[in-house]
Amino acid sequence: MKRKTHKRVKYIFVTGGVLSSLGKGIAAASIGSLLECSGLKITLMKLDPYINVDPGTMNPFQHGEVYVTDDGAEADLDLGHYERFTHARMRRANNVTAGRIYHDVIQKERRGDYLGSTVQVIPHITDEIKKHIREVRHGVDAVICEIGGTVGDIESLPFLEAIRQFRYEVRPKDVLYVHLTLVPYIRTAGEVKTKPTQHSVQKLREIGIQPDILLCRTEKLLSKSIKKKIALFCNVDVDSVITAMDVKSIYQVPLSLHKEGLCANILRKLGLPVREPNLEQWQDINLKIKKPEGEVDIAIVGKYIELKESYKSLSEALVHGGIGNNLQVNFHWVDAEDLEKENGTQKLEHCDGVLVPGGFGERGIEGKIEAVQFARERKVPFFGICLGMHCAVIEFARHVANLKKANSAEFSSTSPYLIIDLLPDQNMNGNKGGTMRLGEFPCQLRKNSKAFQAYGFREICERHRHRYEFNNQYRIQLEEAGIQFSGLSPNGNLVEIVEIENHPWFVAGQFHPEFKSSPMEPHPLFKAFIAAARTFRKSFPDKCQGRPMEEVIAAGEVAFKYPYVAGRPEGMED
Ligand code: GLN
């Protein structure tokens with residue numbers, strides 16, 4: 001009889017110690033990429049120990065960006081790294097929080113699923129965690145599972161216990177524990193210190209997990225003797241002590257870990273054939289980052305600018321747009337509220353492009369609208385995303401279409417023209433209007449548009465996360481005033497992209513294109529925006545005649561870098 005062979009799925013658990021922000025997400029994503037480049041099919045998942053059922057309601061100041069998956073899950077921003085570094089597509093199942101686990105267990109308990117037994121952390125919570133881990137294994141060779149938080153936190157304990165048990169439920173050879181720790185360099189002593197790593201591994205071993213590989217985050221390359229010392233104290237073989245060096249760009253991490261032999265080490269330990277990963281793409285990306293042909297200055301007008309983590313995917317997508325054009329992108333984070341002050345828009349005068357990203361709430365809205373006006377009137381390339389698109393149409397309605405006091409229902413109930421509003425009859429994702437439109441939705445592009453030029457095809461799909469939509473009542477009026485609705489939902493009911501005529505590049509979308517950008521495949525709109533910014537920058541060198549711009553400005557020869565020139569040539573495509 002022919003025996004059915006089951007492919008054995010391998011599991012790599014990534015934990016972190018000493019302190020947070022060591023780059024566990026990037027490390028997990030890099031492991032994913034290295035394995036993928038070696039020919040394995042992989043997926044990644046994140047287990048988060050907090051009690052929120054998902055991060056959707058968490059303050060971006062505390063938790064950073066809320067990432068959105070195709071299937072509309074509001075997820076941890078690490079899933080963004082996973083998608084940017086690998087070809088794995090993330091779904092709701094790829095991010096599980098303690099809140100979700102407890103919620104599901106309590107629901108089962110209420111339904112009577114546990115047949116009268118006492119419901120406990122072990123085994124009920126840990127079983128539920130393991131069930132979620134197994135759920136993502138279909139169709140892949142390896143699952144890389146990152147545990148949020150730091151070893152030693154009370155809240156991570158059930159997760160660590162679950163992954164400890166996991167090894168005994170599958171073959172031990174199918175499970176690998178990778179632990180990321182810190183090896184600080186102490187300047188006064190002139191040496192690196194291994195004690196924090198020793199303690200962190202001790203903590204892990206106390207709960208029964210012996211790490212197989214240590215990734216040691218450090219600013220100095222670890223010497224053989226330091227590696228030996230760590231190996232001895234932490235009970236790992238010396239080749240498994242990997243220097244995870246600080247690097248300038250996160251996209252160097254896969255290459256830097258590969259240099260340390262990480263990929264071969266993982267494959268060997270998991271009993272898989274050791275193959276040399278094909279890292280050409282990463283080499284190419286890093287070359288473009290290191291040796292750009294030029295630079296552009298982009299202003300990002302937002303609300304959470306003190307915490308760049310809240311715009312993680314956005315800033316990465318801008319970097320990708322730069323990679324796609326062989327340019328370095330210089331970020332100028334502008335607090336929208338500062339633009340509301342007198343001469344506030346001066347802050348935008350040295351920029352080659354203005355971007356207004358997504359956001360929620362009224363604070364800073366008028367500043368964002370001023371940024372739009374500045375970009376529109378001065379013909380500076382403009383890119384509006386979600387709330388940025390709302391601001392773009394409000395600005396246009398107020399100042400071009402003469403709909404004074406036009407606003408969004410999110411900020412005003414008394415405005416006579418609610419250009420942006422809730423669509424009460426709109427059936428979104430099975431819910432009535434007022435709830436968020438979340439996840440991937442199709443959009444059709446108008447052929448003669450900047451959006452079409454960028455994408456190169458008519459049908460696109462992009463991810464959404466918003467409540468408010470363009471109010472169709474104003475479509476004709478705004479179109480007559482010069483707005484082009486260049487992207488619509490297939491039934492034509494929802495406005496997805498707007499552009500304006502007589503402007504080199506003014507595109508605003510209702511969706512979040514940043515979630516679908518990667519260094520390998522920069523998002524078409526980000527790429528086109530950066531290209532437009534470069535063209536814009538190039539069109540003004542004559543003022544300087546080879547002198548530094550700052551000198552020309554200081555000499556008072558121009559009021560600012562880019563004076564408004566009426567009738568600036570159109571068609572910014574190179
Ligand atoms: N606050 C706006 C809305 O809910 C925009 C959201 C966003 O930018 N993601 O519609």
Side-chain angles (χ1 to χ4, degrees), residues 25-26 29 32-33 36 42-44 46 56 64-95 250-251 281 285 298 300 310-325 329 355-359 383-389 429 436-445 449-466 486-490 494 496-497 507-531:
I26 301 286
S33 171
E36 199 174 70
I42 56 107
T43 191
L44 291 112
K46 171 102 192 261
E65 163 188 278
V66 174
Y67 191 71
V68 180
T69 59
D70 280 344
D71 63 346
E74 296 177 285
D76 186 82
L77 59 79
D78 277 326
L79 270 73
H81 295 312
Y82 305 164
E83 290 202 324
R84 286 187 282 274
F85 276 64
T86 74
H87 292 94
R89 287 305 115 220
M90 295 295 111
R91 305 193 70 76
R92 191 174 298 277
N94 298 75
N95 186 197
I250 53 171
Y251 301 123
Q281 257 190 332
I285 287 163
I298 302 293
I300 300 142
S310 9
Y311 296 113
K312 194 78 217 155
S313 296
L314 180 89
S315 52
E316 290 310 317
L318 281 166
V319 171
H320 307 156
I323 293 171
N325 288 285
V329 177
L355 189 150
V356 178
F383 193 8
I385 292 177
C386 208
L387 184 67
M389 179 262 213
N429 269 355
M436 291 248 219
R437 177 144 78 108
L438 277 168
E440 197 174 54
F441 287 82
C443 163
Q444 268 169 2
L445 303 180
S449 67
K450 295 269 179 346
F452 177 75
Q453 257 173 38
Y455 283 95
F457 38 84
R458 292 286 298 273
E459 283 274 347
I460 59 162
C461 258
E462 293 285 0
R463 297 182 196 170
H464 291 247
R465 181 174 183 252
H466 56 97
S486 59
L488 297 175
S489 58
L494 298 169
E496 305 287 36
I497 308 181
V507 177
Q510 182 58 83
F511 47 83
H512 288 273
E514 67 271 30
F515 294 143
K516 279 191 146 187
S517 187
S518 77
M520 296 88 170
E521 286 172 60
H523 190 283
L525 290 180
F526 279 91
K527 196 170 160 188
F529 173 55
I530 298 299

Within this structure, what is the [atom1]-[atom2] distance for the pair [X] and [Y], rounded to the nearest 0.5 Å?
X: M520; Y: I285; atom1: CE; atom2: CD1; answer: 5.0 Å
X: H512; Y: L387; atom1: NE2; atom2: CG; answer: 9.0 Å
X: R463; Y: L438; atom1: CZ; atom2: CG; answer: 12.0 Å
X: I26; Y: S33; atom1: CD1; atom2: OG; answer: 11.5 Å

Q: Measure from the ring center of H464 to the ring center of F515 and say whether it is less than 6.0 Å.
A: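 No, the ring centres sit 6.0 Å or more apart.
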Q.
Would you say the ring centers of F526 and H320 fall short of 6.0 Å from each other?
A. no
Which heavy atom in [X] sits nearest to a heavy atom in [Y], and how many Å separate them?
X: F85; Y: I250; answer: CZ-O, 3.6 Å
X: A454; Y: L525; answer: CB-CD2, 4.0 Å
X: D76; Y: K46; answer: OD2-NZ, 3.1 Å
X: K527; Y: N325; answer: O-ND2, 3.0 Å
X: S449; Y: S486; answer: CB-CB, 3.5 Å
X: R92; Y: D71; answer: N-OD2, 2.9 Å

Using the rule side-chain contact (heavy atoms from CB on, under 4.5 Å), only one of [options] pairs with [X]; which is it?
X: M90; options: D78, L79, V68; answer: L79
X: C443; options: L488, L494, I460; answer: I460
X: F529; options: V329, V507, L355; answer: L355

Q: Taking S315 for its side chain and K312 for its backbone only, find out whether a donor-acceptor pair lies under 3.5 Å.
A: yes
(Q) Check this for me: does any side-chain nitrogen of one of D70 and R91 sit under 4.0 Å from a carboxylate oxygen of the other? (A)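 Salt bridge between D70 and R91, a charged N being under 4.0 Å from a carboxylate O: no.
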Q.
Tell me whether R437 is salt-bridged to E496, with the criterion being a basic N under 4.0 Å from an acidic carboxylate O.
A. yes
Test item: [X] and [Y] side chains (from C-beta on) under 4.5 Å apart, heavy atoms:
X: K516; Y: C461; answer: yes
X: P519; Y: V319; answer: no
X: L318; Y: I530; answer: yes
X: E65; Y: Y311; answer: no
X: Y82; Y: T43; answer: no
X: S313; Y: R84; answer: yes
X: Y67; Y: H81; answer: no

Q: Tell me yes or no: between the side chains of E462 and H523, is some donor less than 3.5 Å from an acceptor?
A: yes
Q. For R89 and T69, does a side-chain donor sit closer than 3.5 Å to a side-chain acceptor?
A. no
